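One structure below.
The figures here come from the full heavy-atom set of this structure, side chains too, leaving out hydrogens, waters and symmetry mates. Fair warning: this is a prediction, and the values are worked out from it, not measured in the lab.
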Amino acid sequence: MQQFQINKSNLAETKIIESDDAEITIDTGEILVRIERFGFSANNITYAVAGETMAYWQFFKPAGPDGDGWGILPVWGFGEIIHSKVSELPIGERLFGYFPPSTHLVMKPQDIQSRRFYDGIAHRSQLPRGYNIYTRVASDPDYNKAGDEMHMLLYPLYLTSFSLWHFLKDNEWFGAEQIVLVSASSKTSIGLAYGLKSDAEAPEIVAITSPGNREFVNDLGVYDRCMTYDEMETNLQQKATVIVDMSGNSQFLGKMHTHLSDRMLKTVNVGLTHWENFGPNDQINKERSEFFFAPSQVQKSMKDWGAETFAKRSSDFLSSAMQKSSDWIDLKHLRGLEGLSEVYSDVLTGKQSPVQGLIVNVVD
């Protein structure tokens, strides 16, 4: 078995640990899954930066004798059951869900249904249920293996985008005349812009991005206006505004709050693409800021609409958004966890191109 681990006190330091597959054992009621491949993006870095405060480090335990101080970064991908002590889940069945960047995972399926189950293993039992649900791929009537790569890369991002869209809509845009997306080249921002652009009731959509990504963001055709970070104080109109921040750049947010003053109605903090600039800032209006937790909005939408309607509306959005994204996204395949190690630093430091989508092939 191999597992990719990160030093929790120094996110730039990583290691791959190895152990004998024969040492992996499962008990009655458990399954052993071989992880096939998974997507990797700046979203995964957010899991690391918020690992302690949002309990992301708790989903998967570091293997090996020297695990103290090391964490496992969750990823989204596909796996295959290779050993089962659960009669309802046969060997060979494929699953989609939340996995560690590893070659194997022991799971304890509970609430097993025809299309899904959740992992009830003890150390995950108190964590958000939405992250513990696994789709049984063969039972999904809409499944198409040709879409695996886009699904594993964009599903978690665009589901967050969908949830953000309806969070803003449910709150009547907080009375905003413009919604400003900070780090507009991020895939979650693009997904949100797809939703807002399709909504006749949505306010103006404004993009803020880096000079290097400005042309790409403009060419997407989903933002009404686009500006770079250093143009904000000159070009951002001082009118009723909601900020959706994917950057986590506290210094820049402080400048925005000062620039907009009382016209900054709400800041929704989502991502940490500029996590190195994250920290306290007295210029930030904390009373009008809140961290967005997608699973909570998913639960609200399911309650408001009903589970079937939510599944249909979210599925339709995801399908449409992924189709649009296929026009610009450039998939790059990485070989094994060693391949992930080679590009991890670029993702961590924000050097990865926004058009690139990383797929880690764990199994050849």
Are [Y] and [X] linked, directly or through intermediate hydrophobic residues, by side-chain heavy-atom contacts shorter than 4.5 Å (ILVMFWY only)?
X      : Y      : value
Phe117 : Ile133 : no
Met246 : Phe216 : yes
Phe162 : Phe292 : yes
Val106 : Ile91  : no
Tyr229 : Met227 : yes

Kindly compute the distance separating [atom1] ([X]) from [atom2] ([Y]), expressed to the nearest 0.5 Å.
X      : Y      : atom1 : atom2 : value
Phe4   : Ile17  : CZ    : CD1   : 12.5 Å
Glu18  : Leu337 : CD    : CG    : 9.0 Å
Ile31  : Leu95  : CD1   : CG    : 5.5 Å
Asn7   : Lys15  : CG    : NZ    : 8.5 Å
Arg37  : Met152 : CZ    : CE    : 4.5 Å
Leu105 : Met1   : CG    : CE    : 9.5 Å

Check whether any side-chain heavy atom of [X] lies under 4.5 Å from a side-chain heavy atom of [Y], and answer yes or no.
X      : Y      : result
Ile284 : Thr267 : no
Ile45  : Tyr344 : yes
Phe174 : Arg288 : no
Val298 : Phe310 : yes
Phe99  : Val33  : yes
Asn43  : Lys187 : no
Ser125 : Tyr118 : no
Asp224 : Lys197 : yes

Using a 6.0 Å cut-off, check whether atom [atom1] of [X] has over 12 heavy atoms from anything other than its own residue.
X      : atom1 : answer
Arg313 : CZ    : yes
Tyr56  : OH    : yes
Gln126 : CD    : no
Asp68  : CG    : no
Gln238 : CD    : yes
Lys332 : NZ    : no
Lys108 : NZ    : no
Lys312 : NZ    : no

How close do [X] and [Y] get, counting heavy atoms only, and between which atoms?
X      : Y      : value
Ile179 : Leu181 : CG2-CD1, 3.6 Å
Gly339 : Leu334 : O-CD1, 3.9 Å
Val270 : Phe291 : O-CE1, 4.0 Å
Thr209 : Cys226 : CG2-SG, 4.0 Å
Ala42  : Val347 : N-CG1, 3.9 Å
Ala193 : Ile205 : O-CD1, 4.2 Å

Problem set entry | Residue pairs passing the salt bridge (charged side-chain N to carboxylate O under 4.0 Å, His left out) test where at least one lies in residues 208-219, sequence neighbours excluded |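 Only Arg214-Glu231 qualify under salt bridge (charged side-chain N to carboxylate O under 4.0 Å, His left out).
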Exercise. Salt bridge (charged side-chain N to carboxylate O under 4.0 Å, His left out): which pairs involve residues 346-355, sequence neighbours left out?
Worked result: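 Residue pairs passing salt bridge (charged side-chain N to carboxylate O under 4.0 Å, His left out), neighbours aside: none found.
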Exercise. Tell me the side chain to side chain donor-acceptor pair (under 3.5 Å) pairs involving residues 171-182, sequence neighbours left out?
Worked result: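 Residue pairs passing side chain to side chain donor-acceptor pair (under 3.5 Å), neighbours aside: Gln178-Arg225, Gln178-Thr241.
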Flag, side chain of [X] to backbone of [Y], donor-acceptor distance under 3.5 Å:
X      : Y      : answer
Ser261 : Thr258 : no
Thr160 : Ala294 : no
His259 : Leu236 : yes
Ser139 : Ser114 : yes
Ser163 : Leu159 : yes

Under a plain distance cut-off of 3.5 Å, with no hydrogens placed, do [Y] and [X] share a side-chain donor-acceptor pair?
X      : Y      : answer
Thr228 : Asp230 : yes
Glu338 : Gln2   : yes
Ser325 : Tyr158 : yes

For this session: Decide if the gap between the ring center of Phe167 and the ring center of Phe293 is smaller than 6.0 angstrom.
Result: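 Between Phe167 and Phe293, the centre distance exceeds or equals 6.0 Å.
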Exercise. Are the ring centres of Tyr194 and Trp165 closer than 6.0 Å?
Worked result: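 Distance test on ring centres: not under 6.0 Å, no.
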Problem set entry | Electrostatic pair Lys255:Glu233 at N-O distance under 4.0 angstrom |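 Looking at Glu233 together with Lys255, the answer is no, because their closest N to O distance does not fall below 4.0 Å.
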For this session: Applying ring-ring contact (aromatic ring centres under 6.0 Å, His included), name anything that partners Phe60, two or more places apart in sequence or on another chain.
Result: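 Partners of Phe60 by the ring-ring contact (aromatic ring centres under 6.0 Å, His included) criterion come out as none, since no residue qualifies.
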For this session: Could you pull out all residues at least two apart from Phe59 that satisfy ring-ring contact (aromatic ring centres under 6.0 Å, His included)?
Result: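 Phe59 satisfies ring-ring contact (aromatic ring centres under 6.0 Å, His included) with Tyr98, Tyr131 only.
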Problem set entry | Verdict with supporting geometry, Lys266 and Leu168, side chain to side chain contact (heavy atoms under 4.5 Å, CB included) | CA-CA 10 Å; Lys266 191 75 171 179; Leu168 296 172; over 6 Å; no
Problem set entry | Stepwise side chain to side chain contact (heavy atoms under 4.5 Å, CB included) check, Ile112 with Arg136 | CA-CA 10 Å; Ile112 302 170; Arg136 303 176 68 178; 3.7 Å; yes
Exercise. Going through the distances and angles, do Gln297 and Asp170 end up as a side chain to side chain contact (heavy atoms under 4.5 Å, CB included)?
Worked result: CA-CA 10 Å; Gln297 180 62 29; Asp170 285 350; 3.1 Å; yes
For this session: Would you please test Asn249 and Val182 for side chain to side chain contact (heavy atoms under 4.5 Å, CB included) and show each step?
Result: CA-CA 9 Å; Asn249 186 332; Val182 182; over 6 Å; no
Below 3.5 Å, can you tabulate the donor-acceptor pairs from side chains in residues 69-82 to any protein atom, sequence neighbours excluded?
{"from": "Trp76", "atom 1": "NE1", "to": "Tyr47", "atom 2": "OH", "distance (Å)": "3.1"}
{"from": "Glu80", "atom 1": "OE1", "to": "Arg34", "atom 2": "NH2", "distance (Å)": "3.2"}

Exercise. With Glu149, which of Leu154, Ile329, Asn361, Ile359 fulfils side-chain contact (heavy atoms from CB on, under 4.5 Å)?
Worked result: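 For Glu149, the side-chain contact (heavy atoms from CB on, under 4.5 Å) test succeeds with only one of Leu154, Ile329, Asn361, Ile359, which is Ile359.
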